[in-house]
Protein chains: 2
Amino acid sequence: MKWSELDENWCPVARTLTLVGDRWTLLILRDCFLGCSKFEEFAANTGATRHIISSRLKRLVDAGILERKAYSQRPKRHEYLLTEKGKEFAPALITLRDWGKKHLPVRRSATASAAKE
Amino acid sequence: MKWSELDENWCPVARTLTLVGDRWTLLILRDCFLGCSKFEEFAANTGATRHIISSRLKRLVDAGILERKAYSQRPKRHEYLLTEKGKEFAPALITLRDWGKKHLPVRRSATASAAKE
DNA sequence: ATAAACAGGTTCCATTTTGGAACTTTACCA
DNA sequence: TGGTAAAGTTCCAAAATGGAACCTGTTTAT
């Protein structure tokens, strides 16, 4: 089954995932909640390639989760801001964060990790 | 940046996504919460290929989110059950579901959708 | 006894999607 | 005149995916 065919799925989880069900999209949204709004910020903070950032921002804007707004006219510059719909996604990120904090603790720095297991 | 390099990330969201940050893994977990436990059930319900199901179940078992248990000896058969760690992931799926229900309503059957917008 | 059926996978290959780096455009700065 | 910056786009090789076929051990139907 193609991923795109999920968007009319009976399951609301499946439909949600057509939009945000990939590695980088959720990291971009995380950045949004942390205050990022510029293309370069997303590229730097997520670690995804510019190619990916570009495609994901497009999808998020098309879905009405982010809004693309000019913040400078003369050197045409845009930023990406969370819409209401986007802001309401916060609980999902919070639950992912909390689960990660509890179940996936960071191991101490590589140099200090004598035994890898 | 490679996806695998995220697993030691400072951000708990990023670490969580190394495990479940892909299309099909979250659908498999959804199925688990709906009572599925067999390979064939996941394949049928998610729509993912057997190849994908196989690799995702492996990852979930390795991560301690699912447990692989024999439910029959003579024809060796296994099922996949949520561990405590896995069960605690429920809130994440619930928030994704709720967001989807609110913001991504299903359009009525294709034949009835006169105007697409 | 033979054949088909079933669960749970694995293998193969063509198509897509990525990762990574370079390049483009428009404008400001020195 | 040259350099920097933001926001993308383009290109290509490598990796992941979709789809279908195949494999293995056991049971059931003929």
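FYI, side chains are in, hydrogens and waters are out, and symmetry mates aren't considered; it's all heavy atoms of this structure. Computed from a predicted structure; not experimentally measured. Naming convention: chains lettered A, B, ... in sequence-line order (proteins, then strands); numbering from 1 in each chain.
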> Can you find a side chain N or O atom of B/W24 that sits less than 4.0 Å from OP1 or OP2 on D/dG18?
Replying inline: yes

>> Side chain of A/T49 only, heavy atoms from C-beta on: which candidate in C/dG20, D/dG18, D/dT9 is closest?
In response: C/dG20

> Is the backbone N or O of A/P12 less than 3.5 Å from a side-chain atom of B/W99, with the two atoms forming a donor-acceptor pair by type?
Replying inline: no

>> Taking B/W24's backbone N and O only, do any of them form a donor-acceptor pair with B/T46's side chain (distance below 3.5 Å, no angle check)?
In response: no

>> Rounded to whole Å, please give me the gap between CD in B/Q73 and C1' in D/dT27.
In response: 16 Å

>> Please check this pair: side chain of B/R15 against backbone of B/N9, looking for a donor-acceptor N/O pair closer than 3.5 Å.
In response: yes

> Between A/H51 and B/R77, which is nearer to the 5' end of DNA chain C once each is assigned its nearest nucleotide?
Replying inline: B/R77

> Taking only side-chain nitrogens and oxygens of B/R68, does any of them come within less than 4.0 Å of OP1 or OP2 of C/dG9?
Replying inline: yes

> Would you say a side-chain N or O of A/R56 is under 4.0 Å from OP1 or OP2 of C/dT18?
Replying inline: yes

>> Rounded to whole Å, please give me the gap between CG in B/L57 and P in C/dG9.
In response: 7 Å

> Taking atom P of C/dG9 as reference, at what distance in whole Å does atom CZ of B/R59 sit?
Replying inline: 17 Å

> Given B/R23, which of A/L17, A/D22, A/T18 fulfils the side chain to side chain contact (heavy atoms under 4.5 Å, CB included) condition?
Replying inline: A/D22

>> For B/I52 and A/E41, find the nucleotide of DNA chain D closest to each by heavy atoms; which residue's nucleotide sits nearer the 5' end?
In response: A/E41

>> Rounded to whole Å, please give me the gap between OH in B/Y71 and P in C/dC6.
In response: 13 Å

> Does A/S54 have a side-chain nitrogen or oxygen under 4.0 Å from the phosphate oxygens OP1 or OP2 of D/dT9?
Replying inline: yes

> D/dA6 P sits how many Å from A/N45 CG, rounded?
Replying inline: 13 Å

>> Does C/dC6 have OP1 or OP2 under 4.0 Å away from a side-chain N or O of B/K76?
In response: no

> Closer than 4.0 Å, any side-chain N/O of A/K38 to the OP1 or OP2 of D/dG8?
Replying inline: no

> Within the structure shown, what part of the strands sits under 4.0 Å from B/F42 by heavy-atom distance: base, sugar-phosphate, or nothing?
Replying inline: nothing

> Of the candidate nucleotides D/dA7, C/dG9, C/dA27, which contains the atom at the shortest distance from the side chain of B/Y80?
Replying inline: C/dG9

> Which one of B/T83, B/L82, B/L26, B/L19 satisfies the side chain to side chain contact (heavy atoms under 4.5 Å, CB included) criterion with B/F89?
Replying inline: B/L26

> Counting only side-chain N and O atoms of B/R50, is one of them less than 4.0 Å from OP1 or OP2 of D/dT17?
Replying inline: no

> To the nearest Å, how far apart are B/I28 CD1 and C/dG8 P?
Replying inline: 14 Å

> What integer distance in Å separates B/I53:CD1 from C/dT11:C1'?
Replying inline: 17 Å

> Rounded to the Å, how far apart are A/F39 CZ and D/dA7 P?
Replying inline: 8 Å

